[in-house]
There are 2 protein chains.
Amino acid sequence: MDHLKLENQVCFPIYTLAKEMVNKYRSLLEELELTYPQYLVMLVLWEKDEQSVSAIGEKLNLDSGTLTPLLKRLEQKEIVMRKRSQADERMVVISLTAAGHQLKTKAQNVPSAMVDAMSIPVAELKVLKNSIDKILSNL
Amino acid sequence: MDHLKLENQVCFPIYTLAKEMVNKYRSLLEELELTYPQYLVMLVLWEKDEQSVSAIGEKLNLDSGTLTPLLKRLEQKEIVMRKRSQADERMVVISLTAAGHQLKTKAQNVPSAMVDAMSIPVAELKVLKNSIDKILSNL
DNA sequence: CCATTATATATTGTGCGCAATATAATTTTG
DNA sequence: CAAAATTATATTGCGCACAATATATAATGG
């Protein structure tokens with residue numbers, strides 16, 4: 001078997017799926033005026049308000065080079081605020097505005113819409129997630 | 001269950017895995033001086049030389065906005081050539097240079113190195129690929 | 001045959017994603 | 001306590017990825 005054939009690649013479908021997912025999210029998140037990475041940041045903040053850039057970055061595996069400009073865009077949309085921590089002036093604490101909190105209501109149906117779009121049995125989805133988590137812990 | 005919790009997201013692990021894979025490829029492809037998307041284009045050309053931009057794009061699900069500058073970078077590395085088709089002046093035919101052909105030899109061990117890095121049984125990998133293909137056909 | 005439509009690639013603009021580096025604040029150490 | 005090391009964020013630069021648009025060529029239809 002030719003391991004350099006595209007159809008024999010394992011990573012290509014994963015790469016493609018990730019892109020297609022983000023594309024699907026583009027339409028689902030259009031109403032919220034959020035990109036997928038921005039949506040992920042909002043998920044983190046909806047779970048726990050007031051987190052440092054690095055805390056958000058650890059949860060999403062994103063560095064300041066990605067987050068700083070992204071957070072500034074969320075600030076411009078007036079759904080988050082950025083403020084230097086009093087206790088440690090190096091840190092910037094990100095918090096939700098009222099509009100940022102309210103956006104969560106509008107986001108409620110996004111996850112189910114996405115699972116619907118994938119139209120794959122929940123059981124199979126769990127197996128999939130398991131394998132992915134395993135690979136992730138190895139990489 | 002709170003569907004907006006990060007840990008309950010299905011797509012986040014896929015998004016993360018795709019990124020980690022590309023990161024892993026970065027080190028594997030360092031010697032070849034290729035990025036992962038560039039490597040994918042080379043896979044397509046190694047399978048069949050002389051293809052139009054759109055033919056490559058269809059196989060990789062990439063449009064000219066992505067491919068045109070990428071192919072120009074491969075041209076600058078002198079591993080591919082870009083030439084307008086005689087038969088149809090709208091098309092640009094991409095072909096491998098001698099160096100581009102030779103690069104295939106150096107790439108031989110990349111796929112196995114990647115599978116090794118993921119360290120997951122081949123059987124499980126096949127199940128994974130199956131599920132992903134199913135989701136992709138739905139999306 | 002010429003106007004219309006379709007097709008192929010290129011260009012522009014925006015937003016990641018990450019490496020490398022810079023800057024500033026804090027902590028550690030001698 | 002002051003110098004050195006660490007930490008947190010910001011900046012710069014590059015390469016995708018994709019929407020929207022532009023441009024040039026080809027195909028089609030009256």
Side-chain angles (χ1 to χ4, degrees), chain A residues 11-12 15-27 29-30 32-42 51-77 80 82-94 139, chain B residues 11-12 15-27 29-30 32-42 51-77 80 82-94 139:
Chain A
C11 297
F12 177 59
Y15 157 80
T16 304
L17 177 57
K19 285 195 305 170
E20 292 300 321
M21 266 178 24
V22 170
N23 288 343
K24 185 68 194 174
Y25 270 112
R26 203 186 318 283
S27 51
L29 296 173
E30 202 170 24
L32 312 190
E33 292 182 80
L34 290 175
T35 65
Y36 181 60
Q38 289 169 6
Y39 169 70
L40 289 177
V41 169
M42 294 307 287
Q51 295 194 57
S52 68
V53 173
S54 54
I56 297 171
E58 271 170 43
K59 282 159 190 161
L60 300 180
N61 305 301
L62 294 171
D63 69 2
S64 70
T66 301
L67 283 176
T68 298
L70 185 155
L71 290 166
K72 283 181 177 173
R73 283 187 285 271
L74 293 184
E75 190 184 31
Q76 283 210 319
K77 290 177 201 284
V80 311
R82 299 165 64 246
K83 214 177 89 185
R84 287 274 162 193
S85 162
Q86 300 258 301
D88 186 337
E89 289 274 342
R90 290 171 303 181
M91 292 204 289
V92 169
V93 177
I94 310 297
L139 278 180
Chain B
C11 298
F12 178 59
Y15 157 81
T16 305
L17 177 57
K19 284 195 305 171
E20 292 303 319
M21 267 178 22
V22 170
N23 288 343
K24 186 68 194 173
Y25 271 112
R26 203 187 319 285
S27 51
L29 295 174
E30 202 170 24
L32 312 191
E33 294 182 81
L34 290 176
T35 65
Y36 181 59
Q38 288 168 6
Y39 168 70
L40 289 178
V41 169
M42 294 306 287
Q51 297 194 54
S52 69
V53 173
S54 53
I56 297 171
E58 270 168 43
K59 279 157 193 164
L60 300 179
N61 305 300
L62 294 171
D63 69 3
S64 70
T66 301
L67 284 176
T68 298
L70 186 155
L71 290 167
K72 283 182 178 173
R73 283 187 285 273
L74 293 185
E75 188 183 32
Q76 282 212 318
K77 290 179 202 284
V80 310
R82 300 164 63 247
K83 214 177 89 185
R84 287 275 162 192
S85 163
Q86 300 256 302
D88 186 337
E89 288 275 340
R90 290 171 303 180
M91 293 204 287
V92 171
V93 177
I94 310 298
L139 278 179

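Throughout, protein chains are lettered first and strands after them, A, B, ... in sequence-line order, and every chain is numbered starting at 1.
Remark: C1' of D:dG15 and CG of B:Leu71 are 13 Å apart, rounded to the nearest angstrom. Atom CG in B:Leu74 sits about 17 Å away from atom P in D:dC14, given to the nearest Å. With rounding to whole Å, B:Arg84 atom CZ is found 10 Å from D:dA26 atom P.
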Using residues 60-68 of chain B as the side-chain source, report each donor-acceptor pair under 3.5 Å to any protein atom, sequence neighbours left out, with the distance given to one decimal.
| unit_1 | atom_1 | unit_2 | atom_2 | d |
| --- | --- | --- | --- | --- |
| B:Asp63 | OD1 | B:Gly65 | N | 3.1 |
| B:Asp63 | OD1 | B:Thr66 | N | 3.1 |
| B:Asp63 | OD1 | B:Thr66 | OG1 | 3.4 |
| B:Thr68 | OG1 | B:Ser64 | O | 3.0 |

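The list of salt bridge (Lys or Arg N to Asp or Glu O under 4.0 Å) pairs with a residue in residues 64-76 of chain A, not counting sequence neighbours, reads A:Glu75-A:Arg82.
Shown here are the side-chain hydrogen bond (donor to acceptor under 3.5 Å, both in side chains) partners of A:Glu20, two or more places apart in sequence or in another chain: there are none. With sequence neighbours excluded, the residues satisfying side chain to side chain contact (heavy atoms under 4.5 Å, CB included) with B:Lys77 are B:Gln38, B:Leu74, B:Ile79. Looking at residues two or more places apart in sequence or on another chain, you find no side-chain hydrogen bond (donor to acceptor under 3.5 Å, both in side chains) involving A:Thr35. Not counting sequence neighbours, the partners of A:Tyr36 by the ring-ring contact (aromatic ring centres under 6.0 Å, His included) test are A:Tyr25, B:Tyr15. A:Arg90 meets the side chain to side chain contact (heavy atoms under 4.5 Å, CB included) test with A:Asp88; sequence neighbours excluded.
Applying the 3.5 Å distance criterion, the base of D:dT9 shares no donor-acceptor pair with the side chain of A:Arg90.
For the pair A:Lys19 and B:Asp88, nearest-nucleotide mapping onto DNA chain D gives the more 5' position to A:Lys19. Heavy-atom nearest nucleotides on DNA chain C were determined for B:Ser52 and for A:Thr35, and the one closer to the 5' end corresponds to B:Ser52. Residue-to-nucleotide proximity on DNA chain C shows that, of A:Ala87 and A:Tyr36, the 5′-proximal contact is made by A:Tyr36.
Atom NZ in B:Lys19 sits 11.0 Å away from atom CG in B:Leu17 (nearest 0.5 Å).
Between A:Tyr15 and D:dA17 there is a side-chain N or O to OP1 or OP2 distance below 4.0 Å. Phosphate proximity of D:dT11 to A:Lys72: present, with a side-chain N or O under 4.0 Å from OP1 or OP2.
Here the range on DNA chain C touched by chain A, meaning any atom under 4.0 Å from one of its heavy atoms, is C:dG15 to C:dT26.
Within a 6.0 Å radius of NZ in A:Lys59, other residues, nucleotides and ligands contribute more than 12 heavy atoms.
Less than 4.0 Å separates DNA chain D from at least one heavy atom of each of the following residues of residues 58-68 of chain B: B:Asn61, B:Leu62, B:Asp63, B:Gly65, B:Thr66.
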